[in-house]
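Report on one structure; see the data block that follows.
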Amino acid sequence: MRVLEYLAEESNGQFSFESDYFPWGCEYYLENGKMMDEDGVEKIRNHDAIYFGAVGFPGVPDHISLWGLRLAICQGFDQWANIRPVEFLPGVPRRLNHPDVDNLNWVLVRENSEGEYSGIGGRNFAGRGTGNEVAVQSSLFTEKGCERIIRFAFDLARTRDKKKVTSVTKSNAQQYGMVLWDEVFARVSKDYPDVETDQWLVDAMAAQFVLHPEELEVVVASNLFADILSDLGSALAGSLGLAASANLNPKRRTPSMFESVHGSAPDIAGKGIANPIGTIGSAALMLDHLGLKDEATRLNKAIEETTRQGILTRDLGGSFDTVEVTNAIIKNLAKVKAKA
């Protein structure tokens, strides 16, 4: 919020931000028995964007916090496209031994509304005896859901220097939903003859992330697979604390939501050592979504300049705290504007 307020203040009145704060989350759950107000989705429906803080807290099961807040918003607003860039920032200790690591840059496009996170299934508690409980968790793949996220990935690829889309499934073992995905990908790709395509099974793609990341540009995958692969990508780039994301309703019928990929890390909460870059990078994605593309570019350049100067938090081997890194990014925003 400090970064956004700085950008607004020095814009000479070209834009400004108004924000409403909602104290929803795990501590709210412990006090009220629910993660958000009953009418919470309606309360934020008319906002331009949602800037989401991390959730997770001892005493609240993770599936309660996820389904009660984040997924309630994503599904309630049909935020079906989740964007997770993987960027190798200058000055960050390298976790990946690659000859051209400084030029690696790809983006995960995650189907965000169905797939493995559809919430279809249940558990049988009675009639089977101790040790015989049954749990069923079903995935849901629709042709419409597959097509819209795959087309989104192709459209995104057309905006990049290298026009390539890689599809990731596990269709050899999951012969229904993911074969449907593969068939839709093959059909949609014919509408984009200018975009190179590639298809991988998810286990082989995990190895590809490590062995040949230079082959990656836009990677599109289901809810679960893209979730896992994005964590692998950010770990290779240096830390999960660097990872930004956007949950988009591309048709803009409802507000989109922007959040760092990492959780709340309650073990370090309040100590001032958390890495703010993932959250600030998510603000850059929000600026771009709101049409402030120059400001988004400036902010990303300021982040790059900050890490290049060696101003890093502990997760990256540095000694700077959360506020100091944020201060440096704001200071470098001024420098970036001066250079422009």
Side-chain angles (χ1 to χ4, degrees), residues 1-19 47-53 79 81-92 102-110 112 152-153 155-163 217-218 230 233-234 237-238 241-252 254-262 275-309 311 325-340:
M1 292 303 298
R2 287 184 54 215
V3 170
L4 293 173
E5 288 164 3
Y6 172 83
L7 285 167
E9 288 171 0
E10 55 100 49
S11 73
N12 295 321
Q14 294 182 26
F15 62 89
S16 62
F17 295 103
E18 294 181 9
S19 62
H47 289 71
D48 296 302
I50 304 161
Y51 199 25
F52 187 80
Q79 296 167 348
N82 181 223
I83 308 304
R84 296 186 170 188
V86 178
E87 299 178 348
F88 289 73
L89 295 171
V92 173
D102 291 332
N103 290 317
L104 295 177
N105 180 316
W106 68 90
V107 60
L108 269 293
V109 175
R110 173 189 180 191
N112 209 35
F152 183 93
D155 290 336
L156 178 61
R158 278 180 164 171
T159 69
R160 297 172 67 89
D161 292 337
K162 182 179 180 181
K163 296 170 176 52
E217 191 66 27
V218 175
S230 64
S234 59
L242 298 171
S245 77
N247 303 285
L248 302 176
N249 179 294
K251 299 297 184 183
R252 297 177 183 262
T254 57
S256 296
M257 181 166 67
F258 304 84
E259 58 172 331
S260 53
V261 171
H262 60 72
N275 191 337
I277 289 179
T279 298
I280 296 173
S282 300
L285 292 172
M286 182 166 66
L287 290 166
D288 183 76
H289 179 75
L290 294 174
L292 300 170
K293 297 185 181 300
D294 290 343
E295 286 74 15
T297 300
R298 282 183 57 205
L299 182 49
N300 284 322
K301 289 182 177 179
I303 292 172
E304 292 175 5
E305 185 61 27
T306 299
T307 59
R308 183 181 288 110
Q309 294 166 352
I311 302 174
V325 173
T326 304
N327 289 342
I329 290 173
I330 291 173
K331 183 177 181 180
N332 283 316
L333 271 171
K335 292 182 178 179
V336 170
K337 184 176 183 179
K339 289 180 181 179

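Note that the numbering runs from 1 along the sequence shown for the chain.
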Rounded to the nearest 0.5 Å, what separates atom [atom1] in [X] from atom [atom2] in [Y]?
| X | Y | atom1 | atom2 | result |
| --- | --- | --- | --- | --- |
| D48 | R252 | CG | CZ | 10.0 Å |
| S245 | I83 | OG | CD1 | 9.5 Å |
| K301 | L333 | NZ | CG | 11.5 Å |
| S282 | L299 | OG | CG | 10.0 Å |
| L287 | K293 | CG | NZ | 10.5 Å |
| R84 | S260 | CZ | OG | 10.0 Å |

Criterion salt bridge (Lys or Arg N to Asp or Glu O under 4.0 Å) on R298 and E10, from CA distance to verdict: CA-CA 13 Å; R298 282 183 57 205; E10 55 100 49; 3.0 Å; yes
Can you confirm whether [X] sits close enough to [Y] that some side-chain heavy atom of one is under 4.5 Å from a side-chain heavy atom of the other?
| X | Y | value |
| --- | --- | --- |
| V109 | N82 | no |
| S256 | N249 | yes |
| Y51 | L4 | yes |
| Q79 | L248 | no |
| F258 | T279 | no |
| R110 | S230 | no |
| N103 | F88 | no |
| F152 | V218 | no |

What heavy-atom pair brings [X] and [Y] nearest, and what distance separates the two atoms?
| X | Y | answer |
| --- | --- | --- |
| F17 | A8 | CD1-CB, 3.9 Å |
| A244 | G281 | CB-C, 3.5 Å |
| T307 | P90 | OG1-O, 2.7 Å |
| A237 | V92 | O-CG1, 3.6 Å |
| G233 | W106 | CA-CZ2, 4.3 Å |
| M1 | S19 | CE-OG, 3.8 Å |

Test log, rule side-chain contact (heavy atoms from CB on, under 4.5 Å), inputs V107 and V86: CA-CA 6 Å; V107 60; V86 178; over 6 Å; no
Test log, rule side-chain contact (heavy atoms from CB on, under 4.5 Å), inputs V325 and I329: CA-CA 6 Å; V325 173; I329 290 173; 4.1 Å; yes
Chi angles and distances behind the side-chain contact (heavy atoms from CB on, under 4.5 Å) call for F52, N247: CA-CA 10 Å; F52 187 80; N247 303 285; over 6 Å; no
Flag for T306-N332: side-chain donor and acceptor within less than 3.5 Å: yes
Residues E305 and K335 bridged, charged N to O under 4.0 Å: no
Pair R2 + E5, salt bridge at N-O below 4.0 Å: no
